[in-house]
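Residue numbers start from 1 in every chain, and the chains themselves are labelled A, B, ... in the order their sequence lines are given, proteins ahead of strands.
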Amino acid sequence: SQQGEEDPQALSIQEGENATMNCSYKTSINNLQWYRQNSGRGLVHLILIRSNEREKHSGRLRVTLDTSKKSSSLLITASRAADTASYFCATALPIIIQGAQKLVFGQGTRLTINP
Amino acid sequence: SQTIHQWPATLVQPVGSPLSLECTVEGTSNPNLYWYRQAAGRGLQLLFYSVGIGQISSEVPQNLSASRPQDRQFILSSKKLLLSDSGFYLCAWNSQAGGWYEQYFGPGTRLTVT
């Protein structure tokens, strides 16, 4: 299986509830990033957490990183219908050349927020 | 502010025909540039990346090639398309400065090979 696997593959919740998505990876990383993709569109960067960080917040988003378990979670609090999208974790390998890095994406979690 | 463009937005091409997808970035200089492919319902696969004009790193052996003729222009090409080349192609960039490694994606090109 490939680096950066999200769990669950699909999640459907009611508006206002919290949504939690998990990501597991296999190798050492420099950082881990979460992206959102609306249907048929490009990806939008949400949050980046470095390998020496354990938790990060941005608005209604909370990301945790456990490098000992090689896992991360994305929590969206007080979900809204506009949060409906696919969410991807991407792990950045330790080698960064002139700022360029290889991101390895998981297959994503399809989140549906029901009004 | 920085903007990334891709064209065309959609493309339907027969097997064996050539391909040229273009990506341009505005509002920044010397960006790192990336080409990804996304199969339906799947994650993204890195195809190529470039840290400067004329420099291309290839990630997977395939029927595609990339070029960077100008600082902010990245082109994905094929001489003869295969059915398996169908997918959603995304261009992305990030800055070499400041230690910020998030990538910014274009709107994508949906390619269907028939």
Worked check of ring-ring contact (aromatic ring centres under 6.0 Å, His included) between A:Tyr35 and B:Phe105:
CA-CA 10 Å; A:Tyr35 289 82; B:Phe105 285 79; 5.5 Å; yes
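Of the two parts of A:Leu103, the backbone and the side chain both hold a non-hydrogen atom closer than 4.5 Å to a non-hydrogen atom of chain B. Contact of B:Gln38 with chain A is made through the side chain alone, with heavy-atom distances under 4.5 Å. At a 4.5 Å heavy-atom cutoff, A:Gln9 makes no contact with chain B through either its backbone or its side chain.
The most heavy-atom pairs under 4.5 Å with chain A, out of B:Asn32, B:Leu33, B:Leu90, come from B:Asn32.
Screening B:Trp93, B:Tyr49, B:Tyr36 for a side-chain hydrogen bond (donor to acceptor under 3.5 Å, both in side chains) with B:Gln103, the sole residue that qualifies is B:Tyr36.
Listed here is the closest heavy atom pair of B:Pro31 and B:Arg68: O-NH2, 2.7 Å.
If you check the side chains of B:Asp85 and B:Ser78, you find no donor sitting under 3.5 Å from an acceptor.
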